[in-house]
Amino acid sequence: GVAYALAPTLLLTAFVRGEGFEAVALRSIAASLLRVAIVWQLLDGLSITLQEALRAAGDTLWPMGLRLAAAWLVFVPLALAGAVVGAGPAAMMGCVVGYVAVVVAALTLRFRAGAWREAPR
């Protein structure tokens, strides 16, 4: 994420060459996607850590149900709405960030509530 923030152009030179209109446009789009990926990485790392902590404590069904519900109730509607209105690539990738943010919030609440202490083993 730090490399994405500090040197997106340097990272992209390995994949996009040239100075024509298409190359400049592609670098611009890719740089915006890298900025969204920074947030995605942080949230995804949190979600994996929280889910695995709950899973290690024996609370497996709730996190699975959460991810399933959030995918269908958050991600799919956001992605469909974005497709209908013609959202750009960064906005569409933002749908994934929104989904993961909801998952992180719910997993954090579940962990802090301590329900994992009584999870079936």
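Reckoned from all heavy atoms, side chains included, excluding hydrogens, waters and symmetry mates.
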**Item:** Pairs meeting criterion side-chain hydrogen bond (donor to acceptor under 3.5 Å, both in side chains) with involvement of residues 74-96, two or more places apart
**Value:** none

**All pairs passing side-chain hydrogen bond (donor to acceptor under 3.5 Å, both in side chains) where residues 6-16 contributes a residue, at least two apart** = none

**Linked, directly or transitively: Leu12 and Tyr4 (ILVMFWY side chains, under 4.5 Å)** = yes

**Prompt:** Under a single-linkage definition using a 4.5 Å side-chain heavy-atom cutoff for Ile, Leu, Val, Met, Phe, Trp and Tyr, are Leu68 and Ile48 assigned to the same hydrophobic cluster?
**Reply:** no

**Prompt:** In Å, rounded to the nearest 0.5 Å, how long is the span from CG of Leu46 to CD of Gln41?
**Reply:** 12.0 Å

**Complete:** For Arg35, the salt bridge (charged side-chain N to carboxylate O under 4.0 Å, His left out) test, sequence neighbours excluded, returns none

**Item:** Qualifying residues under side chain to side chain contact (heavy atoms under 4.5 Å, CB included), relative to Ser28, sequence neighbours excluded
**Value:** none

**Prompt:** Do the side chains of Leu42 and Leu33 join up, straight or via other hydrophobic residues, at under 4.5 Å, putting them in one cluster?
**Reply:** no

**Fill in**
On a heavy-atom basis, the closest approach of Arg110 and Leu54 is CG-CD1, 3.9 Å

**Message:** Test of understanding: with ring pair (Phe, Tyr, Trp, His ring centres under 6.0 Å), list the residues that count as partners of Tyr99, not counting sequence neighbours.
**Reply:** none

**Message:** On a heavy-atom basis, which atom in Val104 and which in Leu43 lie closest, and how many Å separate them?
**Reply:** CG2-O, 3.2 Å

**Request:** Check whether Val96 and Val36 end up in the same hydrophobic cluster, where Ile, Leu, Val, Met, Phe, Trp and Tyr are linked by side-chain heavy atoms less than 4.5 Å apart.
**Result:** yes

Show the atom names and distances, to 0.1 Å, of all donor-acceptor pairs under 3.5 Å that link a side chain in residues 73-95 to residues at least two apart or in another chain.
none

**Request:** Report the residues that fulfil salt bridge (charged side-chain N to carboxylate O under 4.0 Å, His left out) with Arg27, sequence neighbours left out, ordered by chain and then residue number.
**Result:** Glu19

**Message:** Would you compute the distance between atom CH2 of Trp62 and atom CD of Gln51 and round it to the nearest 0.5 angstrom?
**Reply:** 10.0 Å

**Complete:** With sequence neighbours left out, the residues meeting salt bridge (charged side-chain N to carboxylate O under 4.0 Å, His left out) with Glu22 are none

**Prompt:** Which atom pair, heavy atoms only, marks the closest approach of Asp44 to Val100?
**Reply:** N-CG1, 3.7 Å

**Request:** Check Pro8 against Leu34 and note the closest heavy-atom contact, atom names and distance.
**Result:** CB-CD1, 3.9 Å

**Message:** Going by side-chain hydrogen bond (donor to acceptor under 3.5 Å, both in side chains), name the pairs with one or both residues in residues 74-89, residues two or more places apart or in two chains.
**Reply:** none

**Item:** Closest approach of Leu11 to Ala3 (non-hydrogen atoms, all atoms of both residues)
**Value:** CD1-O, 3.6 Å

**Asked** What is the minimum heavy-atom distance between Ala106 and Leu66, and which atoms define it?
**Response** CB-CD1, 3.5 Å

**Item:** Connected-component partners of Leu6 among ILVMFWY, side-chain separation under 4.5 Å
**Value:** Val2

**Fill in**
Residues joined to Leu61 in its hydrophobic cluster, side chain to side chain under 4.5 Å directly or through other members, sorted by chain and number, are Met64

**Prompt:** Which residues satisfy the side chain to side chain donor-acceptor pair (under 3.5 Å) test with Glu52, sequence neighbours excluded?
**Reply:** Arg55

